[in-house]
Chemist: 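Quick one: structure below, then a few questions.
Lettering follows sequence order; numbering is per chain, from 1. The basis for the numbers below is simple: all heavy atoms, side chains too, and nothing from hydrogens, waters or symmetry mates.
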Amino acid sequence: MIDQLLRAAALDSKAWPFEEARKLLERVKGKKHPMKEVLFETGYGPSGLPHIGTFGEVARTSMVRHAFETMSDIPTRLLCFSDDMDGLRKVPDNIPNKEMVVQHLGHKLTTIPDPFGKYESFGHHNNAMLRRFLDAYGFQYEFASATDYYTSGRFDKALLRALACYDEIMAIMLPSLREERSQTYSPFLPVHPESGVVMQVPIESRDVEAGTIVWRDPQSGKTYETLVTGGNCKLQWKPDWAMRWHALDVDYEMSGKDLIDSVKLASRICKVLGSPPPDGFNYELFLDEKGQKISKSKGNGLTIDEWLTYAGPESLQLFMYSKPREAKKLYFDVIPRAVDDYQAFLDAYGRQDLAQKLANPVWHIHQGSPPAPEVLVTQQDGRTQVVSFALLLNLVAVANAESKDVLWAFLKRYAPQVSPETHPRLDAMVGYAIRYFQDFVKPQKKYRQATSDERQALEDLSAALGRLPKEATSEQIQQAVYDIGRRDPYKTVQKDGSVGVSLAWFNTLYQVLLGEEKGPRFGSFAALYGIDNTRALIGKALKGDLG
RNA sequence: GGGCCCGUAGCUCAGUGGCAGAGCAUCUGACUUUUAAUCAGAGGGUCGAUGGUUCGAAUCCAUCCGGGCUCACCA
């Protein structure tokens, strides 16, 4: 049972998943008979591995689905439909055994041997990759294979209907095609009974009663009569989409804006077949840092794995939630912001009223039950403080942290009661920050070469550190740093007449040893980093191995 | 040519009818033995332009200017 207050707030919310869900509510009202279920569909072309757009589509559809479930008691299903009966047109770059796969161009993906050698076919392999990936995120969905649906006869009735509507479908499709293509176009693609190739050939005649089409093999000149049912024929893409909507009663499917015209055509065909086309909307495409569309074939932009190398899945979900109708650049630089925005939303959630909560992305990311934020410290006035990713990146850069231990030592100094056990998500974020630092920050660092004076001072510092006991405190180390610095040109005279050390000495340390303009208190750094490590760092800097 | 998106501070962007905001950057001050995951403060905008609706417009409508993406092969 859905709480009535929650339902009322959902019906009133302006957050986009609720706006979408209300469209579905209108659709339900428009039906004469009470609907048994509402079906959501996402499509997947398994000629390659799942990419970040696939993730976005499933994530966003799931958000609409959950919003709808908050508004209505009608059951819902999400069908992830894989078009694995498609003929392979191009051999993907990122697979092994390409020379084997190239022998099977034009064949159904589910009849091509798996180049990875693990599954029944290439199509099965890619389907398995999709499912593994969707399962990893805990998406609730049902998987559907086009090959299964076609061969099992599940589409037969709709296919015969499409055959009966052949002229109307052609009348819709032909004006959208160029002259040359329209000569050979057919909505039905017969599977060649001998070669297994999915044929793109004109239909010479058809028999609606028998449920067959007649076509000619352009190479042999031989004609064939093929059943449109039972998996002997596949539909060309756009009519296929329409037939599927009709056959399965799909209520909701979203797609990228590059498919706007295709959705229009398929919707018209769907109506001809006798069904209302699904609701949905066209989301904007993701761009790479240069503003170009991200596509599988180009291999530009970010992959899911790359995102998950530097941040958790929640931040990626937030990115997918935000502004689906705006083209957004998707590359490494957006990750820290997404992580920190996610934390800010999570932190705010507990303080918000119901209407605000429903407009908060974390409500949609976590199906209405976001986890509690991991608070680092609670201040006297009750305000809480969480560690931002930006902060961690800064810390990891100046501390030259290469392991979680070093970073945790800094964190614990600030909040002693916090540990990886009490704050597992923070611990994960520490790991992400270190990777981000290693891959993006460290290569950008500019280590200055030591001058001969500086070289002498650094050698003396290393020697002084070597004389300290292993368990020397940060204060003792800091004292040693000062003692070494009390020499020309760093020596200064303090107001009280004592000898001090100028800023230049510390700047030298950071520029030469850490490649930074600023840094942490050096004694603290050396104590946490380890005296031996610090001496090794000095040694490397003097040998010129850092820059 | 059709469609879609964008234009708000130096930069990146929030902000869908009610006093123009955040982060970063810049500047000032305090504090620490002179080093900052410190604290306090400041400067900085004709919200692309014009017209309209409204008591009230960055926000809604129309037109225009500028920038960009996408489709018109295949999926």
Chemist: For the pair made of CD in E326(A) and P in rU12(B), what is the distance, rounded to whole Å?
Modeler: 15 Å
Chemist: With C1' as the reference atom in both, quote the distance from rG18(B) to rU70(B) in angstrom, rounded to an integer.
Modeler: 38 Å
Chemist: Which sits closer to the 5' end of RNA chain B, R337(A) or S262(A), going by the nucleotide each is nearest to?
Modeler: R337(A)
Chemist: Output the rounded distance in Å from CG (L285(A)) to C1' (rC69(B)).
Modeler: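 In whole Å, rC69(B) C1' lies 8 Å from L285(A) CG.
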Chemist: Going by purine N1 to pyrimidine N3 plus the second Watson-Crick contact, or the G-U wobble pair, all under 3.5 Å, which nucleotide sits opposite rC24(B)?
Modeler: rG10(B)
Chemist: Report yes if a side-chain nitrogen or oxygen of Q236(A) is closer than 4.0 Å to either non-bridging phosphate oxygen (OP1 or OP2) of rA75(B); otherwise report no.
Modeler: yes
Chemist: What's the CZ-P distance between R178(A) and rC71(B), to the nearest Å?
Modeler: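 Rounded to the whole Å, the gap is 13 Å.
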Chemist: Determine whether a donor-acceptor pair (one donor, one acceptor, N or O, separation below 3.5 Å) exists between the side chain of K257(A) and the base of rC69(B).
Modeler: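 Answer is yes: a donor-acceptor pair is held.
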Chemist: What closest approach, in Å, do I52(A) and I304(A) show between heavy atoms, and which atom pair accounts for it?
Modeler: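 Heavy atoms only, the tightest pair is CA-CG1, 3.6 Å.
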Chemist: Return the CG to CG distance between L285(A) and L330(A), rounded to the nearest 0.5 Å.
Modeler: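 Result: 11.5 Å between the selected atoms.
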Chemist: If the P atom of rG17(B) is compared with that of rG2(B), how far apart are they to the nearest Å?
Modeler: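 The same atom, P, in both gives a distance of 32 Å.
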Chemist: Distance check needed: rC69(B) C1' versus F286(A) CZ, whole Å only.
Modeler: 14 Å
Chemist: State, without any angle test, whether T110(A) and D84(A) hold a side-chain donor-acceptor pair at a distance under 3.5 Å.
Modeler: no
Chemist: Partner lookup for rU38(B), please. Criteria are Watson-Crick or G-U wobble with both distances under 3.5 angstrom; report none if nothing qualifies.
Modeler: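 Across any shown strand, rU38(B) pairs with rA30(B).
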Chemist: For rU12(B) and rA75(B), measure between their C1' atoms and round to the nearest Å.
Modeler: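 Pairwise C1' distance, rU12(B) against rA75(B), rounds to 35 Å.
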Chemist: If we call it a pair only when both distances are under 3.5 Å in a Watson-Crick or G-U wobble match, what pairs with rG45(B)?
Modeler: none
Chemist: Over how many whole Å does the gap from K90(A) atom NZ to rC73(B) atom C1' extend?
Modeler: 13 Å
Chemist: Look at the side chain of E284(A) and decide which nucleotide, out of rA75(B), rC4(B), rC71(B), has an atom nearest to it.
Modeler: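 Ranking rA75(B), rC4(B), rC71(B) by closest atom to the E284(A) side chain puts rC4(B) first.
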Chemist: Looking only at heavy atoms, which two atoms of A10(A) and F18(A) are closest? And how far apart?
Modeler: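 Smallest interatomic distance, heavy atoms only, reads CB-CE2, 3.5 Å.
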Chemist: Suppose we define a pair by two distances each less than 3.5 Å, Watson-Crick or G-U wobble; what does rC74(B) pair with here?
Modeler: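 Across all strands, not a single nucleotide pairs with rC74(B).
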Chemist: Say you pick atom C1' in rA58(B) and the same atom in rC19(B); how far apart are they, in whole Å?
Modeler: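 It works out to 14 Å between them.
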Chemist: Which part of the nucleic acid does D340(A) contact within heavy-atom distance under 4.0 Å: base, sugar-phosphate only, or nothing?
Modeler: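 Here D340(A) touches no strand at all.
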Chemist: Could you give the distance separating rA42(B) and rA37(B) at their P atoms, to the nearest angstrom?
Modeler: 24 Å
Chemist: Which nucleotide, in any strand shown, forms a Watson-Crick or G-U wobble pair with rA62(B), with both distances under 3.5 Å?
Modeler: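 Pairing partner, where one exists within any strand: rU50(B).
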Chemist: At under 4.0 Å, does any side-chain N or O of K323(A) touch on OP1 or OP2 of rA14(B)?
Modeler: yes
Chemist: Could you tell me which nucleotide pairs with rG56(B) by Watson-Crick or G-U wobble geometry, both distances under 3.5 Å, or answer none if nothing does?
Modeler: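 In the structure as shown, rG56(B) has no Watson-Crick or wobble partner.
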Chemist: Check whether any side-chain nitrogen or oxygen of R181(A) sits under 4.0 Å from OP1 or OP2 of rC74(B), and answer yes or no.
Modeler: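 Yes, such a contact exists.
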Chemist: What's the gap between rG48(B) and rU8(B) when it is taken at their P atoms, as a whole Å value?
Modeler: 6 Å
Chemist: Assess the pair F188(A) and W215(A): is the distance between their ring centroids shorter than 6.0 Å?
Modeler: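 Ring centroids of F188(A) and W215(A) are no less than 6.0 Å from each other.
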Chemist: With a 4.0 Å limit, can you tell me whether K14(A) has a side-chain N or O closer than that to the phosphate oxygens OP1/OP2 of rG17(B)?
Modeler: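 Yes.
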Chemist: Tell me: CE of M173(A) to C1' of rC74(B), nearest whole Å?
Modeler: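 M173(A) atom CE is separated from rC74(B) atom C1' by 11 Å.
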Chemist: Taking atom P in both rU28(B) and rG43(B), what distance in whole Å separates the two?
Modeler: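 About 15 Å, rounded to a whole number of Å.
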Chemist: For the residue pair Q343(A) / R425(A), report whether a side-chain donor-acceptor contact shorter than 3.5 Å exists.
Modeler: no
Chemist: Once the angle between the rings of F155(A) and Y150(A) is folded into 0 to 90°, is it parallel (under 30°), tilted (30 to 60°) or perpendicular (over 60°)?
Modeler: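 Judged by the thresholds at 30° and 60°, the geometry between F155(A) and Y150(A) is perpendicular.
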Chemist: Rounding to a whole Å, what distance do you find between D341(A):CG and rC24(B):P?
Modeler: 13 Å
Chemist: Expressed as a whole number of Å, how far does the P atom of rA49(B) sit from that of rA9(B)?
Modeler: 11 Å
Chemist: Please report the distance, rounded to the nearest Å, between CE in M429(A) and P in rA37(B).
Modeler: 16 Å
